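To start, the structure itself, in structure tokens.
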Amino acid sequence: MKKTYDYLIVGAGLFGAVFAHEATERGKRCLVLDKRPHTGGNIYCENIDGINVHRYGAHIFHTDNKRVWRYVNELVEFNRYTNSPLAKYGDKIYNLPFNMNTFNQLWGTNTPAAARKKIDEQRAKYADTEPANLEEQALKLCGDDIYRLFIQGYTEKQWGRPATELPAFIIRRIPFRFTYDNNYFNDAYQGIPMGGYNRLTEALLKNVEVKTGVNYFEAKPQWDALAEKVLFTGCIDEFFGFRFGRLEYRSLRFEHERMEIPDFQGNAVVNYNERQVPFTRIIEHKHFEFGQQPVTVVTREYPADFTGSNEPYYPINDERNNALYGRYKALADRTPEVLFGGRLAQYAYFDMDDTVEAALQLAEQNL
């Protein structure tokens, strides 16, 4: 008996939306479900007084993948936004990424040679260290000043534990740029969709049947029965009923505030590096689209433990969790009627361009 849909797609985030778009373009019948009351997943924007507020943290599209860049630009026009975050420590502001502006602000060095000399002096005393934790690894790579001002507090807030208790592999390298260039990304292409990310999601799901506010697991057998195949983009351990145990994540909490002023911090992203400041950064959304509104909206971003009732953001890819994911992946490979894709189903951190590319590849392999 022919089923109602070719694909049931669980999750209306970027991965699910790209796959649904590709499947629909190829004549497949798709139904997309999402437990949230909106589509777009973490790239969803809420319009407040003409400002597109990134409800789940800053999302800046950047890529060196020409195919992906062409793909998204065929759906929506992107602006010229360039990510140039700032870092605040005490009452001082520093440029990021670590470049000649940063080194000048730190040490008063004006030339690449002087900056290199200072960095080499700072890390020389750690040259013979065999790093046993993140702190030792970072000190060996960058020395005291950069570690204490930029890395230690921010990282400890992100992971919720002291740097001496974090594994060294979290920081494999620290990129230094010996030019006066505040562009955070090296990628050839970057920007923000003009009018916000909802326009990208809407373009992807234009001809697709979507149901929001639906928890797939509350009626999983009934939903599964409607389609020939399922694409699942949620947590892989949840899909299998936590059979082998729960995978660990870090989460985030957001505080949004509308202000009756035209500008709060003069930049889209400012990191707060001190450990005693509870949030990691403040996002001022209007700057993503060069807004001139008389009011502004800012978001304070707080790292949080993942409890199961909040949103999982960052997989904790340590030895235990990777081994556990391997068991779930093996189980997924033996479940041919279900495709798994996206950061939660693949237990990996993906940038948006990686997500689009992976969804396109999965579509090409299965449609």
Side-chain angles (χ1 to χ4, degrees), residues 1-42 44 56 201 204-249 251 306-313 315 321 323-348 350 355 358-367:
M1 180 177 172
K2 190 172 179 63
K3 297 192 176 182
T4 307
Y5 302 100
D6 296 296
Y7 283 94
L8 173 70
I9 298 167
V10 182
L14 187 57
F15 194 103
V18 170
F19 188 92
H21 179 79
E22 292 303 297
T24 302
E25 289 287 295
R26 291 166 170 82
K28 303 296 183 181
R29 298 158 300 155
C30 298
L31 173 62
V32 177
L33 305 179
D34 202 288
K35 65 182 179 182
R36 294 179 183 177
H38 58 73
T39 60
N42 288 347
Y44 171 75
Y56 304 99
T201 305
L204 287 166
L205 296 175
K206 183 178 180 181
N207 298 310
V208 182
E209 185 178 349
V210 179
K211 295 182 183 295
T212 56
V214 174
N215 188 332
Y216 165 70
F217 290 106
E218 290 179 354
K220 182 177 180 298
Q222 293 92 318
W223 292 118
D224 290 346
L226 293 176
E228 300 290 341
K229 277 199 168 188
V230 174
L231 167 63
F232 183 75
T233 68
C235 294
I236 191 170
D237 54 345
E238 185 179 15
F239 183 88
F240 290 111
F242 309 106
R243 185 177 309 184
F244 306 126
R246 291 176 181 266
L247 291 165
E248 293 179 292
Y249 295 87
S251 187
F306 175 59
T307 63
S309 60
N310 53 1
E311 189 69 22
Y313 282 89
N321 283 293
L324 183 57
Y325 168 69
R327 297 180 71 187
Y328 283 118
K329 175 67 166 60
L331 196 56
D333 291 341
R334 299 195 299 272
T335 311
E337 69 276 12
V338 182
L339 305 175
F340 294 85
R343 62 185 178 89
L344 301 180
Q346 295 176 265
Y347 199 64
F350 291 147
T355 299
L360 290 173
Q361 289 181 4
L362 189 69
E364 290 163 358
Q365 293 161 4
N366 289 276
L367 297 176

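Keep in mind that what you see is a predicted model, and the values were worked out from it rather than measured.
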For residues Ser251 and Asn310, report the shortest heavy-atom separation together with the two atoms involved. OG-ND2, 3.4 Å
Quick test of your reading of the model: are Asp237 and Arg246 salt-bridged, counting only N-O distances below 4.0 Å? no
As an exercise, state the distance from CG of Leu360 to OG1 of Thr355, rounded to the nearest 0.5 Å. 10.5 Å
Backbone N/O of His21 and side chain of Glu25: donor-acceptor pair under 3.5 Å: no
If you measure from OG1 on Thr212 to NZ on Lys35, what distance do you get to the nearest 0.5 Å? 13.5 Å
Could you point out which residue of Leu31, Ile9, Val32 forms a side-chain contact (heavy atoms from CB on, under 4.5 Å) with Val208? Val32
Hey, could you give me the SG/CZ distance between Cys235 and Phe240, rounded to the nearest 0.5 Å? 13.0 Å
Determine whether Phe19 and Thr233 make a side-chain contact, defined as any pair of heavy atoms from C-beta on separated by less than 4.5 Å. no
Verify the distance criterion only: is there a donor paired with an acceptor across the side chains of Tyr5 and Glu209 at less than 3.5 Å? yes
Full working for side-chain contact (heavy atoms from CB on, under 4.5 Å) between Thr201 and Tyr44: CA-CA 8 Å; Thr201 305; Tyr44 171 75; over 6 Å; no
Which pair of heavy atoms, one from Leu205 and one from Ala20, lies closest together, and at what distance? CD2-CB, 4.0 Å
Side chain of Arg327, backbone of Phe244: donor and acceptor closer than 3.5 Å? no
For Leu367 and Arg26, the nearest pair of non-hydrogen atoms, with its separation, is CB-CD, 3.4 Å
Should Thr39 and Asp34 count as side-chain neighbours, where that means a heavy-atom distance under 4.5 Å? no
Exercise: identify the closest heavy-atom pair between Leu331 and Arg243: CD2-NH1, 3.6 Å
Is there a side-chain contact between Tyr7 and Val230, using heavy atoms and a 4.5 Å cut-off? no
Closest heavy-atom contact between Ala363 and Glu22? CB-CB, 3.8 Å
Look at atom NZ of Lys229 and say whether more than 12 heavy atoms of other residues, nucleotides or ligands are closer to it than 6.0 Å. yes
If you look at every heavy atom in Leu231 and Gly341, which pair is closest and at what distance? CD1-N, 4.1 Å
Going by atom types alone, do Asn321 and Tyr249 pair a side-chain donor with an acceptor below 3.5 Å? no
Could you go through the ring-ring contact (aromatic ring centres under 6.0 Å, His included) check for Phe15 and Phe340 one step at a time? CA-CA 10 Å; Phe15 194 103; Phe340 294 85; over 10 Å; no
Check the surroundings of atom NZ in Lys211: do more than 12 heavy atoms from other residues, nucleotides or ligands lie under 6.0 Å from it? no
Taking side chain as C-beta onward, heavy atoms only, is Leu344 less than 4.5 Å from Ile236? no
Contact check, side chains of Phe239 and Lys220, non-hydrogen atoms, under 4.5 Å: yes
Against the six-membered ring of Tyr347, is Lys329 placed for a cation-pi contact (under 6.0 Å from the centre, within 45° of the normal)? no
Would you call Arg36 and Glu311 a salt bridge, using N to O less than 4.0 angstrom? yes
Show the numbers, then the answer: is there a side-chain contact (heavy atoms from CB on, under 4.5 Å) between Val18 and Leu204? CA-CA 6 Å; Val18 170; Leu204 287 166; 3.9 Å; yes
Below 30° counts as parallel, above 60° as perpendicular, anything between as tilted: where do the rings of Tyr216 and Phe232 land? tilted
